[in-house]
2 protein chains.
Amino acid sequence: MSRLTLPPQATQVGLAVDVAAFAMHGGELRVLLVQRGALPHARDWALPGGFVYPGEELHEAALRELRTETTVQLEPRHLEQFYTFGEVNRDPRGRIVSVAHLAVLPHGTVHVTAGGHTLGAEWLSAHQPPALAFDHHAILDKAIGRLQLRLEYGNLAMEFLPDTFTLPELQGVYEAVLNRRLDKRNFRKRLLSQGILTPSGERRTGVGRPAQLYRRAKHARIAAL
Amino acid sequence: MSRLTLPPQATQVGLAVDVAAFAMHGGELRVLLVQRGALPHARDWALPGGFVYPGEELHEAALRELRTETTVQLEPRHLEQFYTFGEVNRDPRGRIVSVAHLAVLPHGTVHVTAGGHTLGAEWLSAHQPPALAFDHHAILDKAIGRLQLRLEYGNLAMEFLPDTFTLPELQGVYEAVLNRRLDKRNFRKRLLSQGILTPSGERRTGVGRPAQLYRRAKHARIAAL
DNA sequence: CCAAAAGTGTTGCACCTACACCCATGA
DNA sequence: TCATGGGTGTAGGTGCAACACTTTTGG
């Protein structure tokens, strides 16, 4: 295939990724936010993100930002591009187009510390976030919408939990993401009838009757769209 | 808000849009394709698309490409960004990121002629397209998937038809987009029970019993996602 | 034995599928 | 009157929502 050059009318823009990374903490859906260390919007909260390197794929950039802007060690269990924000004036520095990604991290990834050039990184409430820089509020909104879609039509909820988990824990994920209460009996019937859970041993909690532990069945894939 | 400049690490890439524009023709779902007039992929079929102008919004660029690469006069009834294709080597000219859009044009927009720098423009079968340039096959696939989603969970089908239409015509749209036959009685029950159709006068066709005409009800909006 | 959380069934309703015949019109 | 396409109803199955009590464990 011939090597050609970009035609003159090709608009050059800054290409960035932003990542809305979700995890459960304290029975609540949290999103990973960083406190910006540089202008514009210094000291404001923002989604982790930044410019894509030359020769770097979009999803690689998303992973890199997640690992350098914060100190998240674990791999995301799910990473998905969901929308591209390209409004002309969304960034005061010039035309910057951001391909927004949705990530889900398993339980146990709640310890983050500042990395890279950010002042801090924290898991904050996804449903009541603080004020955010740029158009990150719109990005977060759309990310939550996509996440809810993937819960109801995919099997994304298990990615929030460790390898083995109980049904009440799984229900807790659903309730936190959907932001409403669910009926215990109906929830169990629905999940168990899907055949995507395999029982293992028992588990004793501090208090109350012990719950059955499950792991995800061998099949059980996440819906495409 | 302070005016700042792009930081040095900002990768500059070519920003493009591609449009998968659909319409009904000959009882079949068609997609608008252009025959490229320039390298790379000269003479190959491709989705209409091109570079975004500086200061131009993404959806404006999509509309402009639709109107200059081809001679489509009517406004699309629906225009929606659905995915961004940014693989490093998707275009031999360099790093070009394309924000792909889905458009639906009403009946009556089937006359297209070449415009701009293309050799030709035609409505071709969306389900059996010819070989396409670049990664446009993947773009078309994803566009059809999104279109099917919008049919089943939104009310997008009416946008393919003139202001007034019959139920058999509407069913034809569903069948063409979903690429399978539907039961006439079940289809009517479902659509009429949604209350998104308003009857108007009768209509006589050349042959057979005349069909009732409908128009879209005042409410009846398209689902977000 | 008490507190706490896990676990369990039934019923009504809404929706979907499968399926075959009559009706209105123009030629 | 015939060919053509429009229009209609029922019955079975499936999935979802509502709803309250019993079981198992640790303290």
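Throughout, protein chains are lettered first and strands after them, A, B, ... in sequence-line order, and every chain is numbered starting at 1. FYI, side chains are in, hydrogens and waters are out, and symmetry mates aren't considered; it's all heavy atoms of this structure.
- Of the listed nucleotides (dC19(C), dA17(D), dC19(D)), dA17(D) has the atom at the smallest distance from the side chain of K189(A).
- Heavy-atom nearest nucleotides on DNA chain D were determined for S193(A) and for G208(B), and the one closer to the 5' end corresponds to G208(B).
- How far CG of L105(B) is from CZ of F160(B): 8.5 Å, rounded to the nearest 0.5 Å.
- Between the side chain of E159(B) and the backbone N or O of P106(B), no donor-acceptor pair lies under 3.5 Å.
- Checking the phosphate oxygens (OP1, OP2) of dT4(D), no side-chain nitrogen or oxygen of R209(B) falls inside 4.0 Å.
- With rounding to whole Å, L182(B) atom CG is found 18 Å from dC15(C) atom P.
- Between the side chain of R203(A) and the base of dA6(C) there is no donor-acceptor pair of N/O atoms closer than 3.5 Å.
- If you measure from atom CD of Q171(B) to atom P of dG5(D), you get 14 Å, rounded to the nearest angstrom.
- Rounded to an integer number of Å, the gap from NZ of K184(A) to C1' of dA5(C) is 7 Å.
- Applying the 4.0 Å criterion to OP1 and OP2 of dG7(C), one finds that R188(A) has a side-chain N or O inside that range.
- Within the 3.5 Å criterion, the main-chain N or O of W123(B) finds a donor-acceptor partner in the side chain of R30(B).
- A donor-acceptor pair under 3.5 Å links the side-chain atoms of E175(B) to the main chain of L182(B), judged by distance alone.
- Distance, F187(B) CZ to dA18(C) C1': 17 Å, rounded to whole Å.
- In this structure, N186(B) and T166(A) both approach DNA chain C, and ranking their closest nucleotides by distance from the 5' end singles out T166(A).
- Atom CZ of R190(A) is separated from atom C1' of dT14(D) by 15 Å (rounded to the nearest Å).
- Across the protein-nucleic acid pair, L192(B) atom CG and dG9(D) atom P stand 12 Å apart, rounded to whole Å.
- Here dG6(D) presents its P atom at 12 Å from OH of Y214(B), a figure rounded to the nearest Å.
- Per the geometry, CD belonging to Q212(B) stands 15 Å off C1' belonging to dT25(C), to the nearest Å.
- Distance check: I144(B) CD1 to N179(B) CG gives 8.5 Å after rounding to the nearest 0.5 Å.
- Considering only the side chain of V207(A), dA4(C) comes nearest among dA4(C), dT8(C), dA6(C).
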